[in-house]
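First up is the structure itself, then whatever we jot down about it.
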Amino acid sequence: MNKKSKESQKPTEHKANTRSVLKRLAGYMAPYKGAVVMISLGFILSTLLSLTPAWLVKLSLDDFLTPEKSQYLWLMAAGMIGAVSVQGAIDFFIRYMAESRGQQVVYTIRQQLYRHFMRLSFSYFDQASTGDVMSRITADAETLQTFFGFASIHIIGNSLFIIGILVVMFFWSIELAILYICLLPFIIFGISRYTIKVRPAYGKSRKILGTLTDFIQEQLQGIQVIKLFGRQNQTVQAFDKSNQRFFQINLEAGKITSFWMPFVFVLMGLSTGVIIWYGGMQVIRGAISLGTLVGFTTYMGMMMRPIRQTGMLISRVLVSAASAERIFQVLDTDPQVKDCQGAVDVGSLAGKVCYRHVGFSYNHQTPVLKNINFCAEVGQTIAVVGPTGAGKSTLVHLLPRFYDVDEGEITIDGTPVKEMTLDSLRRNIGIVLQHPFLFNVSIKDNIRFAKPDASMAEIVSAACSAGIHDFISTLPKGYDTPVGERGVKLSGGQKQRISIARTLLMDPPLLILDEPTSSVDAQTDEQILTAIDTLTQNRTVFMIAHRLWTLKTADKILVLKGGQISQYGTHEELLDQPGLYREIYTLQVDTTQYGIVTENTLGSSGVK
């Protein structure tokens with residue numbers, strides 16, 4: 001993708017703090033308040049049950065570990081088995097419910113993201129790389145499942161568990177609990193430092209992953225060119241550089257994790273040793289019972305897992321926050337071209353087009369078109385010619401509002417295009433591009449893309465008019481033949497005629513032909529021109545072409561030079577007057593005497 005978008009259409013790159021990102025993510029759970037309440041109650045009950053075994057151990061040691069009361073030990077064992085069994089069932093319920101709701105939320109976010117991508121203007125995709133877009137829809141959205149379905153649930157459960165243990169600890173021995181609490185700030189410090197350091201590293205990792213995905217996609221699309229020029233080794237080396245950046249940033253995150261997590265574990269082990277020493281002295285003096293100390297240390301051992309796990313889960317949440325931030329950057333980007341307030345559905349248009357004092361630039365700095373004034377009557381064919389970079393494609397792309405003009409206005413049948421809804425405007429404009437795009441579906445589905453409810457008879461009729469039906473009939477699967485990715489199983493001429501059939505099926509009153517024959521051979525060129533003759537009947541047509549003899553039948557020829565109209569008139573009128581059109585036409589006639597047609601005859605500079 002090129003870089004000619006307007007600044008205002010760049011994705012928002014501001015850095016939101018982790019709390020605001022997570023709060024926004026949590027907002028997606030609002031439709032599932034009932035499930036959240038059920039999960040919360042389940043967590044509370046599960047926490048209470050998880051505290052039962054250590055309490056039963058204390059009771060057994062203090063009250064029943066004697067010959068006279070040994071018959072009650074089986075009740076302690078049964079109670080412990082029952083508690084963990086019920087807790088297991090509850091944990092299954094809350095985790096399944098959390099996972100299912102998490103999957104639904106991620107589905108919603110991915111749908112919202114894809115729908116928003118479809119709303120964004122062309123200027124966004126001019127500057128956004130395809131790989132980065134794909135990474136945000138797939139990898140970043142999938143990472144959020146960790147937040148909704150696993151990490152956040154365990155963090156909540158672990159937090160409740162730790163709080164419950166601390167309450168019991170204070171109930172058993174205030175002195176031991178205070179001593180343990182005094183050691184906790186060091187553990188919390190280690191976890192917080194880890195959190196602060198690792199999040200930026202994961203943010204960079206997600207960004208570089210998007211760049212790496214874009215590189216891979218581009219190289220795979222250009223595999224023929226790579227092999228043709230024998231650049232496999234150079235491409236591998238270039239990939240290695242990108243892969244090394246991804247490796248280094250993940251290594252940096254791993255280094256942070258490798259230091260701070262063991263640091264936390266050492267502190268936890270140190271605190272356990274201190275408690276055993278001080279608590280043992282308390283038991284010797286008779287201040288607390290042996291069961292209390294054993295239960296206390298049992299709870300401390302049980303706390304090791306949630307504290308240790310919470311540190312790792314925070315890491316996953318931070319990865320999710322980094323991915324969410326990239327997704328929100330897209331969702332917070334407003335489409336530059338959108339329906340204006342009060343825009344109307346115009347239905348079917350007649351096709352009179354007027355450009356009045358139109359000016360345009362891609363960056364609000366360098367003008368691409370300046371003071372464009374002309375009108376195309378209903379049914380007229382307007383040929384647009386000029387050197388490369390004169391603004392030909394830009395001129396016609398303003399008509400369906402791929403971009404909005406900076407100055408002046410464009411009207412159809414006297415109504416400014418900005419006063420029409422985008423959908424209704426574009427329903428009235430068909431476009432045949434220089435490089436047609438076909439989807440990786442059947443020929444039938446590619447033609448039907450312009451009119452999803454078209455009957456088979458309509459599809460065949462459009463293919464016949466485009467001169468592609470006979471070829472399709474020779475295929476074993478006929479119209480059900482898959483065309484491959486981007487139509488790779490078809491020739492350039494075949495793809496172009498299928499594209500023409502698709503436009504014919506749409507039956508628009510206005511038509512844009514953006515150099516549809518510039519990259520095919522002479523025989524294919526003739527076949528496509530025959531199809532175009534059918535396509536242009538009874539329509540207002542804008543045709544861009546380098547081969548000027550294909551434009552002799554145009555009603556008017558508009559010559560662009562330097563973003564301005566240099567000449568305007570019929571083919572004969574322009575040949576009779578000195579100017580760029582006669583120079584180009586004469587030069588092309590001279591070169592074609594020897595079978596030569598080159599784009600260089602039209603000059604080169606700038607953007608199309």
Side-chain angles (χ1 to χ4, degrees), residues 351 379-384 392-393 396-397 399-400 402 426-475 478-484 486-547 549-555:
Q380 278 192 334
T381 295
I382 307 296
V384 183
K392 303 184 297 294
S393 293
V396 296
H397 288 170
L399 181 60
F402 289 174
R426 292 171 182 173
R427 280 200 307 268
N428 283 274
I429 302 174
I431 301 179
V432 178
L433 300 171
Q434 176 181 0
H435 303 291
F437 183 90
L438 298 184
F439 296 94
N440 189 13
V441 291
S442 67
I443 293 175
K444 174 180 65 180
D445 290 333
N446 269 288
I447 296 175
R448 181 182 279 161
F449 188 80
K451 187 180 178 183
D453 59 346
S455 66
M456 194 63 209
E458 291 176 303
I459 294 172
V460 172
S461 176
C464 289
S465 299
I468 193 66
H469 172 73
D470 291 341
F471 163 74
I472 297 173
S473 300
T474 64
L475 300 173
Y479 282 85
D480 292 318
T481 302
V483 302
R486 301 177 68 90
V488 69
K489 297 180 181 180
L490 304 174
S491 70
Q494 291 162 353
K495 288 190 288 185
Q496 192 61 279
R497 280 177 284 168
I498 289 176
S499 173
I500 292 172
R502 180 166 60 193
T503 306
L504 278 167
L505 188 63
M506 181 181 175
D507 194 24
L510 294 118
L511 181 64
I512 295 173
L513 304 176
D514 193 350
E515 306 184 60
T517 65
S518 64
S519 57
V520 297
D521 56 52
Q523 181 180 359
T524 304
D525 180 73
E526 184 177 348
Q527 294 171 341
I528 292 176
L529 286 176
T530 300
I532 287 176
D533 285 340
T534 302
L535 181 62
T536 57
Q537 291 178 7
N538 303 316
R539 308 180 202 277
T540 304
V541 180
F542 291 87
M543 179 184 294
I544 301 174
H546 283 308
R547 293 169 174 145
W549 54 87
T550 64
L551 308 180
K552 291 181 181 179
T553 57
D555 297 293

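Going from atom CG of Leu438 over to atom CG of Asp445 covers 12.0 Å, rounded to the nearest 0.5 Å. With rounding to the nearest 0.5 Å, the separation of CD in Gln494 from CG in Leu475 is 8.0 Å. Ile431 CD1 to Arg502 CZ: the interatomic distance, rounded to the nearest 0.5 Å, is 11.0 Å. How far CG of Asn428 is from CG of Leu510: 6.5 Å, rounded to the nearest 0.5 Å. Residue Leu399 holds its CG atom at 10.5 Å from CG of Leu511, rounded to the nearest 0.5 Å. Within the model, atoms CG of Leu505 and CD1 of Ile459 stand 6.5 Å from one another, a figure rounded to the nearest 0.5 Å.
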Subject >> Test log, rule side-chain contact (heavy atoms from CB on, under 4.5 Å), inputs Ser499 and Leu433 >> reply: CA-CA 8 Å; Ser499 173; Leu433 300 171; over 6 Å; no

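The stretch residues 439-467 participates, sequence neighbours left out, in these ring pair (Phe, Tyr, Trp, His ring centres under 6.0 Å) pairs: Phe437-Phe439, Phe439-Phe449.
Checked by atom type and distance alone, the side chain of Arg426 pairs as donor or acceptor with a backbone atom of Pro400 at under 3.5 Å. Checked by atom type and distance alone, the side chain of Thr540 pairs as donor or acceptor with a backbone atom of Gly379 at under 3.5 Å. In this structure a side-chain-to-backbone donor-acceptor pair under 3.5 Å is missing from Ser461 to Ala457.
Here the closest heavy-atom approach between residue Leu490 and residue Lys495 is recorded as CB-CG, 3.8 Å. Taking each heavy atom of Ala463 and Tyr479 in turn, the nearest pair found is CB-OH, 3.2 Å. Scanning both residues, Thr503 and Gly430, for their nearest heavy atoms gives CG2-CA, 3.9 Å. The minimum heavy-atom distance between Ile500 and Ala466, with the atom names listed, is CG2-CB, 4.0 Å. Scanning both residues, Pro508 and Arg427, for their nearest heavy atoms gives CB-O, 4.3 Å. Contact detail for Ala554 and Ala383: the closest heavy-atom pair is CB-CB, 3.8 Å.
Between Ile544 and Ser393, some side-chain heavy-atom pair lies under the 4.5 Å cut-off. The closest side-chain heavy-atom distance from Lys451 to Asp453 is below 4.5 Å.
Electrostatic pairing of Asp514 and Lys392 does not count as a salt bridge here, judged by no charged N lying under 4.0 Å from a carboxylate O.
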